[in-house]
Amino acid sequence: MADDGQKNMPVCQKKGELAPFAGALPPSRDTISDLLCRELIAAAEKMMGRAYAPYSGFQVGAALLAAGAGKKVYTGCNIENAAFTPGICAERTAFAKAVSEGEREFTAIAVIGGKKGIPVDYTAPCGVCRQVMAEFCDPRKFYIILARSQEDYWLYRLDELFPMGFSPKNLA
């Protein structure tokens with residue numbers, strides 16, 4: 001790897017892992033605290049156990065931090081359906097709960113998942129979830145925490161995972 005200021009970034013060892021790209025921030029360079037990241041990951045881990053995933057067996061948990069004065073955390077898990085399309089991802093579940101409670105501004109979301117609830121790789125939000133995030137979040141200020149554990153995570157901004165996304169600004 002070239003010495004581009006990223007030499008302290010861990011290298012993925014297992015085949016098939018999502019290798020963090022150069023824009024990813026390790027915990028030591030984060031712009032939200034390591035403690036906050038770990039708290040959100042812990043909440044997401046609990047939700048992973050509540051996932052309803054009888055078809056794929058892939059359980060995902062998410063914890064969404066509202067930007068309001070209360071800094072409330074909204075959690076979600078994936079919910080599958082035999083017809084497939086009515087299923088909902090953990091991230092969108094958390095957003096739906098938050099928006100239905102009146103929240104409209106958010107700071108960060110932690111996402112963790114794995115087959116039978118065992119995280120092996122980082123679980124990134126799908127394109128639909130990224131589009132929902134773009135509806136409510138400033139892509140330059142909203143952070144997405146991809147975790148395998150509270151000690152092993154990467155921090156991205158939404159604009160890094162969803163470049164040139166369509167947002168309400170496009171309709172202005």
Quiz item: Is S56 reaching over with its side chain to a backbone N or O of A53, donor-acceptor style, under 3.5 angstrom?
Solution: no
Quiz item: How about Q150 and E39: does a side-chain donor come under 3.5 Å of a side-chain acceptor?
Solution: no
Practice problem: Give a yes or no on whether the backbone of S167 and the side-chain of N170 come within a donor-acceptor separation of less than 3.5 Å. | Solution: yes
Exercise. Determine, using the 4.5 Å side-chain heavy-atom cutoff (strictly less than), whether V111 and I79 are members of one ILVMFWY cluster.
Key: no
Quiz item: Would you say the side-chain atoms of Y122 and R148 include a donor-acceptor pair closer than 3.5 Å?
Solution: yes
Quiz item: Do L64 and I88 belong to the same hydrophobic cluster, where Ile, Leu, Val, Met, Phe, Trp and Tyr are linked whenever their side-chain heavy atoms lie under 4.5 Å apart, directly or via other members?
Solution: no
Exercise. Please check if atom CZ in R130 has more than 12 non-hydrogen atoms from other residues, nucleotides or ligands closer than 6.0 Å.
Key: yes
Exercise. State the CG-CG distance between D138 and L158, to the nearest 0.5 angstrom.
Key: 9.0 Å
Quiz item: Is a donor on one side and an acceptor on the other found under 3.5 Å between the side chain of Q59 and the backbone of M48?
Solution: yes
Exercise. Answer yes or no: is there an ion pair linking E101 with K72, defined by an N-O contact shorter than 4.0 Å?
Key: no
Quiz item: Taking atom NZ of K71 as the centre, does the number of heavy atoms from other residues, nucleotides or ligands within less than 6.0 Å exceed 12?
Solution: yes
Quiz item: Are the side chain of E135 and the backbone of P168 linked by a donor-acceptor contact shorter than 3.5 Å?
Solution: no
Quiz item: Within the side chain of N78, is there an N or O that forms a donor-acceptor pair under 3.5 Å with the backbone of A90?
Solution: no
Quiz item: Would you say the ring centroid of Y74 lies under 6.0 angstrom from that of F95?
Solution: no
